[in-house]
Q: 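Got a structure for you, questions after.
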Amino acid sequence: MIDETIDKSLNWVDDRLGTAKSGKTFLDKIFPDHWSFMLGEIALYSFVVLLATGVFLTLYYVPSSHDVIYNGSYIPLRGQHVSEAYSSSVALSFDVKSGLLMRQAHHWAADIFLGAMAVHMGRIVLTGAFRKPRELNFLIGVTMLMLGIVNGFLGYSLPDDLVSGTGIRIAYSIIESVPLVGSYLAFWLFGGNFPGDGSIIPRFFIIHVLIVPLIILGLLGAHLGLLVKQKHTQFKGPHRTEKNVVGTPMFPTFMAKTTGFLFMSTAVTFLLAGFAQINPFWQFGPYHPYQISYAVQPDWYMGWLDGALRIMPSWEWVGYGHTWPLEVFLPAVLFPGIIFNIFYAWPFLEARITKNRDYHNLLDSPRDRPKHTGAVVAMMALMLMVFLASSTDVLANFFNVPLQDTLWFFRFAVPIVPVIAGWLAYKICEELRHEDGAGKRKRASVVLRTEAGEYESIPSEPRPGDDHHELEPIEIPAFIDLVGADLATGEGVRRVLR
Amino acid sequence: MRSLKKSAFLAPLALVGSVVVVGLFVFGPTSAQAASNTSVTASTRPAPTTTSPNLFTSGSTSTTRPSGYTVPTPRSTTSTTIPGVTTLGGSQPYVAPTGTPGLAYLNLPAAFLKPGQALFAANCATCHGNQAEGSSRAPNLQGLGSGTVDFWVSTGRMPLENDAVQATRKPPKFNQLQTLQMAAWVQSLTPGVGTQIPVVNTSKANLSNGQQYFTLNCAACHTITGAGDALANGAYAPTLHLAKPYQVVEAIRSGPGNMPRFGSGNITNAQARDIAAYVVGVLQHPANPGGYALGGVGPVGEGFVGLLIGVGTLMLICFWIGDRT
């Protein structure tokens, strides 16, 4: 009875929307079981958390630079002239039920979102999943990473506290450093010389909550759409070929797994939000352009940009009636431009250098392509070194060495360490590639002595757990039957089976 | 089938996770109560606030405060009595009754001069000279006042450990009485000149003013949280988390080491008192209603936790529910 009702209603929908065909594609979508294929889902689910908590925050946050007097519950700020943005940020933290939890969840989710994207990208690049036919999806992913960094910075700036205001000041100078158009750009964006006419906070707000999230959402749809259309890559293994995908279908197994993972991601984010304090801007006070705090760092994903700025020598060139601030333009505009262009060009560079333009649905273990892995590791080491350079003052304080010593250390480490790391990775991969059974569990050897006195060793019988057992892959069970319909009557053109 | 079993494991965990989330949302307290007095208006400036160990105003509608929102009572927000001093002289008045409310200066007795000179001769004169006139190794102390001596000795920076690096804070070699005796003697060389030893009554301070003047004058080196940090050429701005109120005012007035000296034209006595109250009452006991403060070092610690614990835990979960070969 209930089955019939469900059948009927599903058919009703299908007759009008034709959902059975796409539903079949979706439900039968095969997901490889390897754990590293779920890294992208961390990013996906933290983005969901970001959207949900972000909507909550917009209900209380006031995007305005209008000057008000703080009169809320935090005593050390009472009576001070602050912007409405700052006042509402403090108020939503202290005077709104679960407001602080939501704000901290939003911030932690942003940190996790970008971290997960970076880890996901590392997996994609190291295993060669970006190769033909998936270059386009790689480009979409890199774009989302870039937009995520931009939006993280904008969101960090919105509370208008002393620390984030300093960040906006730096952003202003970076825009201003672009040759020829810089000052016009900065004046246009800020509505005048810094701090502008008060329009920067509302502008950042609308970019942060509407424009960039909308673009990311669109790209996310394309990212996942292409994933379904092009199907997953998979590691080499028994029964796995370039023409199939071995794994679990969306329905029922993967659906349960991924839904559980959604809850787990949310839980981890909210547990962090409940127990670990992030960005306590009430301790920083409001931003005034004539004030500054020492030892200000940006959020972690901006660290590599901050680090590049820090270690740059103060090169400035005066010519053609202008000052060319190379010490800002080179590390803060040109360097990230080059880095992201390398990211974008990576699939095409790889194809050109290896002269391999075949379809690749089977992944490589990083050790099987030592040169490529070496290049990836060198790139990662470069990013890591520039990232660490953003903590020169913290390191100087911790190791009790002069600040300029840590600065000079990173000036040398940034070019040198990637070369060493890349070469080491290349050598390790070469070794592993020729090592028989590397990465597999060691098996005991039995040493035998022949009658002639000769010794030989033979591997012992495998013990339980030594070998990886997999079930035989079977064809996808049909939950939705598209054939055998009576075309003459038009009845049951698509039939839903369960 | 393996995967199916694992996802069965997930169900209860996911349930627990979502219950925690919903629970925090529903039963979570507002971070400060102030239920009636939360609106932000530009029309009225609030009445001057008084220093309170609690950094949040009490709401009128509710009498209980959720735990986690109270700030520990500062160890000594007031120091009208310096330990070891009042017990010594009996009824002798050490504190001059005049001055800015909340900031007075110690009136050191003449009885301190003789033991002070002896202590100075035994411990300081080798470098600073018998009459504190200085030498090629150490500066002239005449005219610097008792407050300067009290700051350097009571923070343990003097006697100096290593004259090649910036003097570091360490446990003081002399007790309160000995310090004051030496300070009194150095002061007596140039009566009425130099920085005096302040007595700070932070109970009259305005924390909000303290926050503003601290941000304006101190945060550029000591950082906005007062944690201190490395500066160029091996110098550093020390942490303020150990400073006592009178030491804060002494440092402001005398400008030890690389620190600029702020006279009363820059920072008035009342402002110096407010800064000291903010340092001791807020920076040393910050309100951390958001949970564990992660060392209070800002995005460095937060990024570490976000990546290692946040992304790391989720990767472990991936590793757990996914296939590993």
Side-chain angles (χ1 to χ4, degrees), chain A residues 33-35 38 42 68-69 71-80 87 93-95 97-98 100-101 104 108 111-112 115-116 162 248 253 256-257 260 263-268 270 272 274-278 283-285 291-295 297 299-300 391 393-394 396-397 402-404 468, chain B residues 3-4 7 10 14 17-18 20-21 24-25 28 30-32 34 38 40 42 45-46 49 55-57 207-208 211-212 215-216 219-221 223-225 229-230 232-234 282 286 288 290-294 298-300 302-303 305-307 310-311 313-314 317-319 321-325:
Chain A
D33 289 324
H34 195 265
W35 67 274
M38 299 193 82
I42 305 176
V68 294
I69 290 179
N71 199 14
S73 53
Y74 184 65
I75 290 170
L77 291 174
R78 282 176 71 104
Q80 290 198 31
S87 162
S93 300
F94 290 145
D95 304 324
K97 193 159 187 162
S98 64
L100 185 60
L101 177 76
Q104 297 203 138
W108 282 121
D111 276 14
I112 293 174
L162 182 71
T248 44
T253 315
K257 200 163 149 179
F263 288 128
M264 303 280 257
S265 306
T266 316
V268 168
F270 272 83
L272 269 180
F275 289 109
Q277 180 169 281
I278 189 164
Q283 295 174 3
F284 306 152
Q291 292 176 339
I292 191 148
S293 165
Y294 188 51
Q297 274 97 11
D299 267 357
W300 78 266
S391 59
D393 60 313
V394 176
N397 209 27
L403 186 60
Q404 64 269 35
H468 179 67
Chain B
S3 308
L4 197 58
S7 37
L10 282 183
S18 40
V20 167
V21 170
L24 283 169
F25 182 77
T30 58
S31 300
T38 58
V40 176
R45 210 181 166 88
T49 52
L55 298 183
F56 296 101
T57 52
L207 286 182
S208 184
Q211 200 275 343
Q212 294 181 64
T215 310
L216 193 58
C221 291
T223 79
I224 192 68
T225 57
D229 205 2
N233 291 320
V282 180
N288 291 319
Y292 185 58
L294 309 178
V300 174
E302 292 162 6
V305 170
L307 293 181
V311 180
T313 309
L314 290 170
I317 294 171
C318 287
F319 195 65
I321 63 181
D323 202 15
R324 267 154 275 184
T325 48

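The figures here come from the full heavy-atom set of this structure, side chains too, leaving out hydrogens, waters and symmetry mates. Labels below follow one simple rule: chain letters A, B, ... track the order of the sequence lines, proteins then strands, and each chain is numbered from 1.
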Q: Name the orientation class of the two ring planes belonging to B/Phe319 and A/Trp35 (parallel below 30°, tilted from 30 to 60°, perpendicular beyond 60°).
A: perpendicular
Q: Tell me, for A/Val268 versus chain B, whether the close heavy atoms (under 4.5 Å) come from the side chain, the backbone, both or neither.
A: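 Answer is side chain: those atoms of A/Val268 sit under 4.5 Å from chain B.
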Q: Roughly how far, to the nearest 0.5 Å, is CD1 of A/Ile75 from CD of B/Gln211?
A: 13.5 Å
Q: How long is the straight-line distance from OG of A/Ser98 back to CD of A/Gln104, given to the nearest 0.5 Å?
A: 12.0 Å
Q: Quick one: does A/Gln277's side chain have a donor or acceptor within less than 3.5 Å of a partner on B/Ala293's backbone?
A: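 The answer is no, because no donor-acceptor pair under 3.5 Å joins these two groups.
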Q: Could you tell me which portion of A/Ile278 (side chain, backbone, both or neither) has an atom closer than 4.5 angstrom to a non-hydrogen atom of chain B?
A: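 Both backbone and side chain.
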Q: Looking at A/Ser391, A/Ser265, A/Ala116, A/Ala276, which one has more heavy-atom pairs under 4.5 Å with chain B than the rest?
A: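 Top option by heavy-atom pairs under 4.5 Å: A/Ala276.
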Q: Hey, mind stepping through A/Ile42 and B/Cys318 against side chain to side chain contact (heavy atoms under 4.5 Å, CB included) and telling me if it holds?
A: CA-CA 9 Å; A/Ile42 305 176; B/Cys318 287; 4.1 Å; yes
Q: In Å, rounded to the nearest 0.5 Å, how long is the span from CZ of A/Phe94 to CZ of B/Phe56?
A: 3.5 Å
Q: Find the one option among B/Thr225, B/Val300, B/Thr313 whose heavy-atom pairs under 4.5 Å with chain A are most numerous.
A: B/Val300
Q: Where does A/Leu272 contact chain B at under 4.5 Å (heavy atoms): side chain, backbone, both or neither?
A: side chain
Q: Any idea which of A/Asp393, A/Ile292, A/Asp111 has the most non-hydrogen atom pairs under 4.5 angstrom with chain B?
A: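 Ranked by contacts with chain B, first place is A/Asp393.
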Q: Using a cut-off of under 4.5 Å on heavy-atom pairs, state which of B/Thr223, B/Ile224, B/Asp229 scores highest against chain A.
A: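 Winner by heavy-atom pair count: B/Asp229.
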Q: Count the heavy-atom pairs under 4.5 Å between each of B/Ala219, B/Gly303, B/Gly310 and chain A, then report the option with the highest count.
A: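 Result: the option with the highest number of such pairs is B/Ala219.
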Q: Could you look at A/Gln283 and say if it's the side chain, the backbone, both or neither that has a heavy atom under 4.5 Å from chain B?
A: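 Its backbone and side chain both get close to chain B.
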Q: We want to know whether A/Ser73 and A/Asp95 form a side-chain donor-acceptor pair, criterion being a heavy-atom distance below 3.5 angstrom.
A: yes
Q: I want to know whether B/Tyr292 and A/Phe275 have ring centres closer than 6.0 Å.
A: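 Ring-ring flag for B/Tyr292/A/Phe275: false, centres at least 6.0 Å apart.
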Q: Flag the one option from B/Leu294, B/Leu307, B/Val282 with the top tally of heavy-atom pairs under 4.5 Å to chain A.
A: B/Leu307
Q: Relative to chain B, which segment of A/Leu162 carries a heavy atom at a distance below 4.5 Å: side chain, backbone, both, or neither?
A: side chain
